[in-house]
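Working notes, beginning with the structure itself.
Every number for a ligand or one of its atoms is a count from 1 in the order of the listing. Predicted model, so just to flag it, every value in this text is computed and none were measured. Quick note: numbers below take in every heavy atom, side chains included, and nothing from hydrogens, waters or symmetry partners. For reference, positions follow the sequence shown, starting with 1.
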Amino acid sequence: MILTRGFVVAASLGLVAAENGLDGWLRYAPLPEDVVAPHLDSLPSGIVLLDAVEGQPVFTAGIELTKGFRGIFSKDLSKEVKPDCNSSSVVIIGTADAYADACGSAPAEAQGLKADGFWLRTDSGGPVQIIGQNARGALYGTFEYLSMLAQGNFSSVSYASNPAVPVRWANHWDNMNNRGGHGSIERGYGGDSIFFANDQVLSNLTRVSQYARLLSSIRINAIVPNNVNADANLLSDKNLDGMARIADAFRPYGVQVGMSLNFASPQSVGGLSTFDPLDASVIKWWGQKTDQVYKRIPDFAGYLVKANSEGQPGPITYHRTLADGANMFAKAVKPHGGIVMFRAFVYDQLDYNDKKADRANAAVEYFRPLDGKFDDNVVVQVKYGPIDFQVREPASPLFANLLKSNAAIELQVTQEYLGQQCHLVYLAPLWKEILDFDLRVNNEQYFVRDILEGKRPEKAQPLGGFAGVVNVGQDLNWLGSHLAMSNLYAYGRLAWNPTEGSEAMLQDWTRLTFGLDPDVLDVITTMSMESWPAYENYTGNLGVQTLTDILHTHYGPNPASQDGNGWGQWTRADKNGIGMDRSVASGTGNAGQYPPAVAAVYENVEKTPDNLILWFHHLPYTHKLKSGSTVIQHFYDAHYAGAAAAQSFPTLWETLKGKLDDERYEHVLYRLRYQAGHSLVWRDAICTFYNKLSGIRDDHGRVGNHTHRIEAETMRLSGYSRSNVSPPETASGGVAVTASGGGGGSGSSVSSSLDVPSGTYDIAVNYYDVNPGKAKWEILINDEKIGAWTGDIEDRLGKEPSDALDGHSAARVTFRNVTIEKGDTVKITGKANGNEAAPLDYISVLPLGVVD
Ligand code: GCV
């Protein structure tokens with residue numbers, strides 16, 4: 001894409017009305033007058049659609065262009081029925097074939113396009129030409145043209161754009177089962193399913209059509225609506241009819257529909273006694289089922305299969321190989337032109353006491369022996385790293401071990417381990433590190449993206465590409481967070497062209513989403529580009545994984561949860577050291593799964609980069625890194641640096657007040673403030689945990705030394721009593737207090753006199769917001785109320801809530817610019833509600849500009 005060129009920075013930037021995010025980056029918001037004025041006369045006034053059939057992408061392109069011109073320029077395009085192929089006042093949209101029919105021949109570049117590719121020409125002297133290799137390509141080209149215009153880019157361009165890969169899918173983990181009548185989403189943080197409720201497909205699919213627009217504009221060409229932990233009931237006649245309605249909603253936008261399968265369906269819903277993939281009755285059953293699917297959905301994309309993983313059934317149950325399983329489906333869809341996305345996320349529970357056991361080895365162990373045994377319409381879908389969407393992982397070694405099979409990379413727009421859309425984490429830089437990693441296959445340059453594109457010496461794979469796990473829900477802004485939408489946008493852009501730059505994609509998204517104000521662009525760029533490093537810093541560094549609670553919600557800190565269980569996300573931390581020894585020489589051998597040149601780097605502690613050193617090596621805390629710091633001091637410093645970066649985000653955002661609509665401004669501000677507070681919870685929990693474990697002090701004297709804090713448990717308690725927090729490091733001082741219901745008529749309270757010099761302070765209160773319950777707190781200085789808050793995070797953030805005092809529920813609220821005289825009394829009253837006993841951890845009385 002060439003969208004970063006030719007922007008006009010407006011002198012006067014019109015403000016937009018309140019917005020809810022429903023249109024995402026397809027707002028077609030009016031451009032400021034001074035940006036448009038010089039170009040108004042040269043804009044096309046008509047539109048020519050070639051071979052447009054209602055419900056098909058070229059027809060949709062006409063609708064979008066009309067809507068776009070109306071929104072951006074308040075201009076109505078006339079519909080020209082008779083194409084004038086030379087008129088400079090029209091936009092001609094169609095396929096290369098239709099163009100050739102109507103205008104003689106298509107431009108040479110438009111004749112050699114790949115499937116879904118397009119040619120866009122906007123230079124003067126003729127019509128705007130948007131020519132797709134197919135109808136979908138014509139729609140993509142239209143969105144590209146609109147994207148330029150919506151960003152105030154009127155430059156003359158003429159270029160062809162082709163996809164790097166044919167497979168560009170979105171995977172949804174939506175359940176059909178009820179959650180109070182709604183479809184839940186596994187790892188969903190933006191509301192309930194837009195596809196399912198009450199064990200069936202929703203009758204109103206308006207949101208699905210709106211979502212289809214967004215996907216199409218980023219060139220996602222297929223979607224799987226249901227969870228990979230699949231419900232076999234989706235295969236009932238009624239639900240297949242429902243799937244056909246979903247396909248109808250996506251079709252106008254060129255997005256095909258696929259389906260996740262439950263491997264045991266022939267037995268669980270088909271009445272057979274087996275689901276053995278080599279059994280004739282099973283093969284027949286799937287064949288018939290597949291025919292029923294295609295009868296309803298002729299352009300059905302194919303199946304997605306999670307087998308023999310995390311309790312899901314699969315071919316191994318019958319001592320068949322994973323390839324046997326994949327190929328059974330491949331043969332069923334082959335006559336219809338469908339494909340099978342077969343997930344490589346297959347692993348078993350492991351014995352923690354076995355020092356050679358390693359979950360990171362599993363995918364290669366299962367799949368390397370099967371390379372070359374998959375049918376040609378099977379694509380092996382590989383998570384980007386060997387474990388599970390951690391904040392940093394090396395590229396999965398499986399990419400280098402699937403040289404005779406089609407491969408796709410699985411990325412997660414869903415921020416499961418990355419702050420669940422409550423923390424700003426712009427993921428494109430993470431994804432690009434993996435895509436740009438050189439696996440040195442055959443000791444030659446082989447980036448992961450080259451492997452996905454089939455640029456191999458052995459065999460150019462015909463299929464390959466990207467699968468992105470997306471958790472859009474019924475929230476009007478789709479992901480629960482306006483800023484998280486940059487991840488969805490960047491995912492599509494990278495799937496089309498993995499060499500795109502993270503910042504360029506982000507800036508296109510920002511202009512499209514928030515307008516052209518350069519301050520808005522700067523702030524969002526700065527925060528977003530700092531966000532992944534910041535999150536990595538305040539969660540898990542040096543390749544040790546995210547350090548979140550892996551046994552429950554994958555959200556707050558709980559470093560001990562990684563170890564001592566069968567899940568294999570181990571850090572092997574003890575009082576002397578930390579990290580997995582994955583070397584061949586003394587460890588699990590995982591380094592040896594990479595091609596020799598890469599293996600030689602990961603095998604050797606001196607050569608392994610610092611950011612992955614604990615992924616591959618078990619090291620003493622005192623080990624000196626290449627940075628010059630020790631492992632433990634790096635942990636402390638990184639956590640302080642990461643949390644400091646997160647503190648800067650709301651401050652930066654506040655400079656934008658008035659520069660965008662209040663609705664989105666306030667929504668984002670709430671989340672950034674929450675993130676700033678939660679980053680401190682993370683920082684303190686991780687530093688405290690490893691400080692205790694290692695017994696090694698922080699060289700800078702910060703860890704465990706919080707001079708501005710007053711622990712709630714040391715205050716005068718009235719109706720409050722000490723409560724344990726688990727894990728204890730998620731409370732300052734290891735404990736909190738909860739309201740026990742006593743405390744007399746005024747409710748429960750904690751109070752203390754303030755031994756600080758008179759002056760102006762920010763007062764931060766750390767508390768726990770558990771579910772269910774809406775406790776109420778008030779803060780008073782000398783009995784005068786200075787603020788109040790409610791425990792309503794469960795209504796305001798979409799993260800998985802917690803019913804306990806822990807790292808998920810820990811939160812912080814800050815009251816700014818409070819005047820305090822030495823000796824004043826601070827008091828917090830708490831009114832319990834439901835499960836929420838108005839818990840408090842500590843207060844910080846902070847001189848302005850200090851964060852403790
Ligand atoms: C859909 C992890 C996630 C699960 C997910 C699984 C998978 O274990 O926590 O929610 O299941 O990966 O990718 O299959």
Side-chain angles (χ1 to χ4, degrees), residues 169-177 179 183-190 193 195-196 223-232 234 258-264 303-314 316 322 325-326 340-350 359-360 362-363 366-367 379-391 393 396 398 408-421 427 466-473 491 539-540 545-556 558 561-562 565-570 798-800 802 808:
W169 285 32
N171 290 180
H172 289 248
W173 292 350
D174 290 27
N175 297 316
M176 306 186 62
N177 55 316
R179 195 178 61 183
S184 60
I185 301 178
E186 182 157 348
R187 313 302 173 190
Y189 319 114
S193 174
F195 302 108
F196 306 111
I223 180 186
V224 176
N226 68 312
N227 196 346
V228 287
N229 294 324
D231 184 341
L234 187 57
M259 202 188 323
S260 291
L261 294 182
N262 184 304
F263 207 92
Y303 293 137
L304 169 62
V305 184
K306 171 176 177 178
N308 291 114
S309 169
E310 301 186 329
Q312 292 300 315
I316 295 173
L322 293 163
V340 175
M341 303 293 287
F342 198 82
R343 295 179 89 225
F345 184 65
V346 180
Y347 69 97
D348 303 306
Q349 289 276 314
L350 298 169
R359 173 167 158 189
Y366 275 111
F367 283 85
V379 180
V380 182
Q381 182 169 315
V382 185
K383 287 192 182 185
Y384 63 73
I387 297 268
D388 194 12
F389 302 132
Q390 298 301 292
V391 69
E393 298 191 37
S396 169
L398 186 57
I409 191 168
E410 184 174 313
L411 304 174
Q412 212 186 25
V413 172
T414 296
Q415 292 175 232
E416 176 183 350
Y417 287 93
L418 293 150
Q420 303 189 351
Q421 286 130 246
L427 294 167
F466 286 69
V469 181
V470 186
N471 58 357
V472 303
Y491 166 66
T539 59
Q545 299 174 81
T546 307
L547 297 182
T548 184
D549 185 330
I550 65 147
L551 301 174
H552 299 102
T553 74
H554 301 181
Y555 183 68
N558 189 353
S561 71
Q562 313 275 142
N565 54 52
W567 290 102
Q569 290 191 225
W570 305 326
K799 73 182 174 72
E800 289 188 28
S802 165
H808 319 300

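Side-chain contact between Q545 and W570: absent, with no pair of heavy atoms (C-beta onward) separated by less than 4.5 Å. Taking 4.5 Å as the limit, every side-chain heavy atom of F389 sits out of range of all side-chain heavy atoms of T546. Under the 4.5 Å side-chain criterion, counting only non-hydrogen atoms from C-beta, K306 is not in contact with F263.
Considering N175, N227, N471 as possible partners of E186, the one that fulfils the side-chain hydrogen bond (donor to acceptor under 3.5 Å, both in side chains) test is N227.
The immediate protein surroundings of ligand 1, defined as residues with any heavy atom under 4.0 Å of it, consist of W173, E186, R187, N227, V228, N229, K306, E310, R343, F345, K383, D388, E416, H554.
With sequence neighbours left out, A344 forms a side-chain contact (heavy atoms from CB on, under 4.5 Å) with F367, V380, V382, L398.
Using modelled atom types, one finds a donor on one side chain and an acceptor on the other under 3.5 Å when comparing E310 with Y347.
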